2 protein chains.
Amino acid sequence: MNEKLRSIQEVAQLAGTTSRALRHYDDIGLLPPAQIGSNGYRYYNQANLTRLQRILLLRQLGLGLGQIADVLDGTQDDTIALEDHAEWLRSEQARLSRQLASVERTIAALKEGTELMAEEMLDGFDHTQYQDEVEQRWGKKAYAESDSWWRGLSQSDKDEFKRQTDALMMDWVAASRSGDAVDSEMAQALATRHVDWLSIGWGGTRPTRDQLLGLGEMYVADERFAANFGGIQGATYVRDALAIHAQTMAT
Amino acid sequence: MNEKLRSIQEVAQLAGTTSRALRHYDDIGLLPPAQIGSNGYRYYNQANLTRLQRILLLRQLGLGLGQIADVLDGTQDDTIALEDHAEWLRSEQARLSRQLASVERTIAALKEGTELMAEEMLDGFDHTQYQDEVEQRWGKKAYAESDSWWRGLSQSDKDEFKRQTDALMMDWVAASRSGDAVDSEMAQALATRHVDWLSIGWGGTRPTRDQLLGLGEMYVADERFAANFGGIQGATYVRDALAIHAQTMAT
DNA sequence: CTTGACTTTGACGTTGCGTCAAGCTCTACG
DNA sequence: CGTAGAGCTTGACGCAACGTCAAAGTCAAG
């Protein structure tokens, strides 16, 4: 007695998948049907069904078809393949967690009505680990002044300030990657611009030499600041360039 | 003074992406360059850079380019888009968690050296919530016998038994979805096969009428069993067919 | 014989670019 | 001024796993 053969549609319904998927599995050689009629029709036997069952099981565990082929053909051990896969799932989970945290932070920042970068650069003072240091160096009123100044701006003023901020940051990044020395003309020009930019944010008050040095250190030490300059390396470049510039400042 | 224009390569480096990506963003209209030279070269200005910066920020939060376009063009609100995205991230996280749990259960099952289905069907007796019920109905020795029988089989015997098991399950699924009544000839033939199959697993001992009824209930009540019959509906069909069959059995 | 259900082989769409490939352009050097 | 080497352009395929038409042959029932 020869085995019972089933059409592609029957098989798809039995296994809870689609005929298209079965054709795909055939195309990639994962599940060739037991027989192919002279009309080109695919006919599947019991062994095919069993294999399909295992394919679908592994699929719903999230394995790729290539992996599944390896496992079913004995090229790779089931347990090892699944443990690798579990490891991958865990890393994906971790990645999603981080992404979700970032998104939630961003939402929170947006809801406070402050642009992310402006928030980080201006409002960041009061919730970093450097809060005490910052306060004793500039005093709480310095931040408060900056804050009230910011809130008093019109939307277009805010946009314009943000544009300036963005441009400055990007120029710093460009400079740090150009290979130019921190005491080069270009870097020092940027340092001058940076001081000007700071004084805008501080309502016209210009930073003292010590404040400038302290700011530089903070850029390097706090990754949230450093990120604006293209990471630690960029921040280091900015700090050094500002330090050079500070020497030329009037006391 | 006209703005400083940068080449595609420069922009890519500044922003930490690739020229290919920039060309792609141009292709889909997400970031057309400020100017295009007569030679076809793309030239970007500061506004382009700012927009690119925001694009990349949203990208690393995991948003799709379409969503990003909506947000940047003001078609959609930032906060709403991000909250939708956060919701999607959470659902993905949940999906991954379930998948990971499944994979880990499967690994555990494999490590015990027992095939998943055989394990569920034969070895499942001693760790279900029905353990007490099962024991008082069939006694511990019934399971023990089945277990020792199983362990005594050769690999090819095990494979053969598994093939039979698979075939029976799939036929049940097919029958339950065919719409045939539980007292139809086809369903009752399957019930007969089911009893035969059970007696193989029990080393030749045939189930009594009560045992058969009890088994049917268990198939429905325990999702691990039900899964083998295509879910609750399939298991219900099996239970009912077995109940009909039980009436025809010799006491 | 007709009709309707089922099957076949293409082939494009999805998502965000990576990766050649062929050919034009720009820049610096001798 | 010629040329090499870098940079730029527009295609076009590849990836993962099928979904979704489309055109056309096949089969079973009336």
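Since the structure is predicted, the reported quantities are computational estimates derived from the model, not experimental observations. Chain letters run A, B, ... following the sequence lines, proteins first and then strands; every chain starts at 1.
For the pair B/Arg90 and A/Glu104, the salt-bridge criterion is met [side-chain N within less than 4.0 Å of a carboxylate O].
Side chains of A/His85 and A/Val71 form no contact here, defined as non-hydrogen atoms less than 4.5 Å apart. Between A/Val11 and A/Thr17 there is no side-chain heavy-atom pair separated by less than 4.5 Å. The side-chain heavy atoms of B/Tyr43 and B/Arg6, taken from C-beta on, include no pair separated by under 4.5 Å. Here the side chains of B/Leu52 and B/Leu14 are not in contact, with every heavy-atom distance at 4.5 Å or above.
Relative orientation of the B/Phe229 and B/His194 rings is tilted, given thresholds of 30° and 60° on the angle between their planes.
Of all heavy-atom pairs between A/Ser102 and B/Leu61, the closest is CB-CD2, 3.5 Å. Heavy atoms only, all atoms of each residue included: B/Asn45 and B/Asn48 are closest at OD1-N, 2.9 Å. Smallest separation of non-hydrogen atoms from A/Gln67 and A/Ala81: OE1-CB, 4.1 Å.
For residues 60-76 of chain A, proximity to DNA chain D is found at A/Gly64, A/Leu65, defined as any non-hydrogen atom under 4.0 angstrom from a strand atom. Less than 4.0 Å separates DNA chain D from at least one heavy atom of each of the following residues of residues 21-41 of chain B: B/Arg23, B/Gly40, B/Tyr41.
A straight line from CZ of A/Arg59 to C1' of D/dA17 spans 7 Å, rounded to a whole angstrom. Across the protein-nucleic acid pair, A/Leu56 atom CG and D/dA17 atom C1' stand 13 Å apart, rounded to whole Å. Taking atom CD of B/Gln13 as the reference point, atom P of D/dG7 lies 8 Å away to the nearest angstrom.
At D/dG7, none of the side-chain N or O atoms of B/Ser7 fall inside 4.0 Å of OP1 or OP2 (strictly under the cut-off). Contact annotation: A/Arg20 side-chain N/O to D/dC21 OP1/OP2 distance is not under 4.0 Å.
Using a 4.0 Å heavy-atom cutoff across all strands shown, A/Ser19 reaches no nucleic acid atom at all.
Nucleotides of DNA chain C with any atom under 4.0 Å from a heavy atom of chain A span, from 5' to 3', C/dC6 to C/dA11.
Side-chain atoms of A/Ser19 and A/Arg23 include a donor-acceptor pair closer than 3.5 Å. A/Arg95 and A/Ser91 form no side-chain donor-acceptor contact under 3.5 Å, judged by distance and modelled atom types alone.
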